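Note that the structure is predicted; figures quoted are calculated from it, not measured. Here is the naming used below: chain letters follow the sequence lines, and residue numbers restart at 1 for every chain.
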Amino acid sequence: MSREWELFYNKFIVYEGYKTTLNGLALTAEIAVFGLFIGMLIGTLIAVVKVVPKYKLLPRILSKICDIYVGFFRGTPIVVQLLIGYFVLIPSIGLNLDKVAVAILVFGMNSGAYVSEIMRSGIQAVDPGQLEAGRAVGLSFSAAMAKIVIPQAIKNILPTMGNEFISLIKETSVVGYIAIVDLTKAFRQIGDSNYEYIIPYLVLAVVYLVIVMLITQGVKIIERGLKKSDRHN
Amino acid sequence: MKKVVSMLLLTAMIISSCFMFASCSKDEKYTIGVQSGTTGWSFVTGDADWGFTGFSNVTVSSFDTAALAVSDLLAGNVDFVVVDDAVAKTLVASNKGTKCIDIPLTTESYGISVDKSQSDLLANINTYLGENKTAIDALFTKYADVSDDNATTWAGEIITSATYDSSKTNQLVVATNAAFAPFEFTVGNGYAGIDMEMAKLIADSLDMELVIVNMEFDAITASLGKNGVDIGIAAMTINAVRSQVVNFSDPYYTEAYQVVICKDTDTLFDSCKTTDDMLAVLSGLNIK
Amino acid sequence: MIDIINLNKKYGELVVLKNINETVAEGEKVAIIGPSGSGKSTFLRCLNCMEDPTSGSIIFEGEDIADMRVDINLRREHMGMVFQQFNLFNNKTVIDNITLAPTHLGLKKFRQKKIKNFFIICLNLFRKEKKNLLEINTTPKRIRAEAKANAMKLLARIGLEEKADKYPSTLSGGQKQRIAIIRALAMNPKVMLFDEPTSALDPEMVGEVLDLIRELAKEGMTMVIVTHEMNFAREVADRVLFMSDGVIAEEGTPNEIFDNPKNLRTQQFLKNVLKAR
């Protein structure tokens, strides 16, 4: 074991490999965080479209489009979406997007599909009387949703969103396929340079564990803070 | 507290969308695409053990295969690709719009990597290589015209892999990365290429059944000695670091070198004639 | 004030309201009583289209609001509704509950006027006869301030000013319902609809809510109340409707209904209700 540790230590500290891993950590965090935001945006929009009463034609068309979107992103592996996005779609539109931007987009859209389900259940968990009261007093459907229902829905789903964020952090480990040097790829490259993978991969797993634990704690603190603001006395 | 949090979230969401469009037009370093774990990767990133200083003025994009790097080159996200010469010629032949600058950046020899615990096997392979130089050279001529286009419709010899059976003692399990025409590539369910045919010849000469295991290039060296993998044949350059983990056979190809692939409209390397010229241009690349 | 013509409501195969015809005059206080499942709440909710009528018309302020093409939100500003479960906005303070709609809608109208004026100015450049700009005699700040002042005045009326910055979860049922009532009043409605306002309250708090409704009645507010409080209905209502099986089985003044019910079902219902006392 000590030979492997020496090799790892050599590349990690002496050859300053830790700089690449720190950079990789920053990229992983960046992709996960911005992906989550985009996911929340898309997810909320889709959830609202699905919740609107479908009397008129427009909500029905939008609802069908949302079904197709969610079906695609939940029905294909994230790696496939990433590869298609980077190697197929972006070149065909002619855009010259940075790899990381593509990754954020893809992860955001993928996350949006899952968040839409979470948000929809969060909205439906809000007492329907809230929406009714909002509409009875003259607010439009969208105003009542935005000001009354969705804020309460978000509070409902906060723990699940924490889980979604954790999932994203772990899912970003595949961006190495489009040559982004994230946390996973950084450690893999240390392994490549030594042809010794045991220590790098173990350390990588520990790093992910620590990150996930920190996020879980963070979510608990935010939850507690929001609950406190409920009990204003 | 809630207002603060929601304002933060909102600004972050707006920033992330702006960020994406801003990143379209960034002041960038040049990007060189390589395949993970190959000599090309070490050459561009730098490897003290090997004697490569690398190029810190350049961003490195490492892909799982050289072909992906080339497709990214065509898409415009990568400026050059550094890869082995024979493979470069194959890739350029099947990717319109690229050209290969045929000036060696390195000097390399390919060897067969052998599990360190199997010294007998190593000796046998070396004996075979020593006695059959002409046969092996013939393979090089045979595959001289392979390009990725005809690689998929290869009408020549196809090597099939037997199924791995841990109970059999006469199986030769060969690890490779079959995305490296003309050395190894897949044709339907079978394999073809210089290295693949050589594997078959060696297996036949040792009276062993050939099993081929296809994997990522950087996994090959680490896979020897585990799960029955005996040798690795993958256009692998003999180097000191790898030699610490595996034994290499005598070289079977000594004229390998890295070359640059770029777009055929690129004029950056037009005035280069020697290795030093190339290295000078590469080290001199600044912000675009 | 509200004319209900041939109102029918079906949930799939289940018919809940059958061909109801009614009129609510201005200043009138109508109480609706009847057994559960008779369609009382559904009828009330059809009046402001919280439930969409399957067929029929609801004429309010000269328009058939049951028509899908009408902007129901505008009409609802003039109809206040009070729910059995109070339905105060849990994520907002009491004062925000009351000022939410007036502020939001006031600002919306302000913005719409501004945009219209902008277009008038642009188009006036091309016109010979300049069109007059719409009058805007308020500012966003004033809209908010007025809404807040009005809300505090209403809170003072029920003696709950100190609860203005509290969240609904800290209030008792009676307080919540009274705040729900003044939330509806903040929009200056022409008619108030009460859907069993005291059915979810502890007996001790029923009184304070009924007192408030009584006050409103005395001030001349048109109201339609679905209730189980027979004494209150008798005291406050000008007219009582007894509903059963989706139709108005009997209607008349409180005295007529409570003392001399003519319909068999009305008699049966009142007998059961009085037995429970």
Side-chain angles (χ1 to χ4, degrees), chain A residues 40 44 47-48 51-62 119 121-161 222-233, chain C residues 44-45 47-52 68-69 71-94 96-109 163 165-171 176 179-180 183-189 192-193 195 200:
Chain A
M40 279 177 71
T44 310
V48 171
V51 165
V52 167
K54 298 184 186 46
Y55 295 136
K56 307 207 187 103
L57 188 60
L58 186 62
R60 265 184 289 195
I61 297 179
L62 286 177
M119 188 56 106
S121 66
I123 290 177
Q124 287 177 331
V126 175
D127 185 359
Q130 297 284 300
L131 183 63
E132 280 190 353
R135 301 225 59 198
V137 94
L139 291 172
S140 67
F141 179 80
S142 45
M145 282 300 255
K147 290 191 169 252
I148 301 163
V149 178
I150 291 188
Q152 296 183 50
I154 291 181
K155 225 173 352 134
N156 282 342
I157 60 169
L158 212 53
T160 327
M161 288 308 284
I222 296 182
E223 248 188 295
R224 235 178 284 153
L226 283 176
K227 282 218 176 82
K228 228 188 286 180
S229 72
D230 262 353
R231 260 179 240 117
H232 280 221
N233 258 313
Chain C
L44 188 79
R45 287 158 66 92
L47 293 185
N48 68 349
C49 289
M50 293 302 282
E51 302 283 351
D52 280 309
M68 288 297 222
R69 288 167 288 181
D71 183 1
I72 188 67
N73 298 320
L74 282 176
R75 304 289 167 262
R76 285 194 184 135
E77 291 178 34
H78 299 157
M79 301 169 119
M81 186 161 220
V82 176
F83 299 87
Q84 182 177 353
Q85 298 295 338
F86 334 128
N87 287 340
L88 288 182
F89 307 136
N90 294 324
N91 58 322
K92 300 233 173 261
T93 58
V94 164
D96 283 339
N97 259 275
I98 305 172
T99 58
L100 178 68
T103 316
H104 176 88
L105 296 167
L107 288 175
K108 190 165 102 167
K109 295 199 177 94
K163 301 282 186 191
D165 290 318
K166 304 265 191 274
Y167 281 88
S169 53
T170 64
L171 303 170
K176 281 194 222 174
I179 290 171
R183 177 179 64 178
L185 289 176
M187 291 297 291
N188 292 323
M192 287 284 278
L193 308 171
D195 190 357

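Contact record, Ala136(A) with Met81(C): CB-CB, 3.9 Å, taken as the closest heavy-atom pair. In this structure, Arg76(C) and Gly138(A) approach most closely via the heavy-atom pair CB-CA, 4.1 Å. Closest of all the heavy-atom pairs between Met50(C) and Glu132(A) is CE-O, 3.2 Å.
Using modelled atom types, one side-chain atom of Gln130(A) and one backbone atom of Leu88(C) make a donor-acceptor pair closer than 3.5 Å. No donor-acceptor pair closer than 3.5 Å links the side chain of Asn91(C) to the backbone N or O of Ile150(A). For the pair Asn87(C) (side chain) and Gly129(A) (backbone), a donor-acceptor distance under 3.5 Å is present.
For the atom pair CD (Gln152(A)) and NZ (Lys92(C)), the distance works out to 9.5 Å, reported to the nearest 0.5 Å. Note that NZ of Lys108(C) is 8.0 Å distant from CG of Leu139(A), once rounded to the nearest 0.5 Å. Annotation: the span from Ile72(C) atom CD1 to Arg135(A) atom CZ amounts to 8.5 Å, rounded to 0.5 Å.
Within the 4.5 angstrom heavy-atom criterion, only side-chain atoms of Arg45(C), from C-beta onward, approach chain A. For Phe89(C), the parts sitting under 4.5 Å from any heavy atom of chain A are the backbone and the side chain alike. Heavy atoms of Asp52(C) lying under 4.5 Å from chain A belong exclusively to its side chain.
Of the listed residues (Met187(C), Met79(C), His104(C), Arg183(C)), the one with the most heavy-atom contacts under 4.5 Å to chain A is His104(C).
With contacts defined as side-chain heavy-atom distances shorter than 4.5 Å, the pair Leu100(C)/Ile148(A) qualifies.
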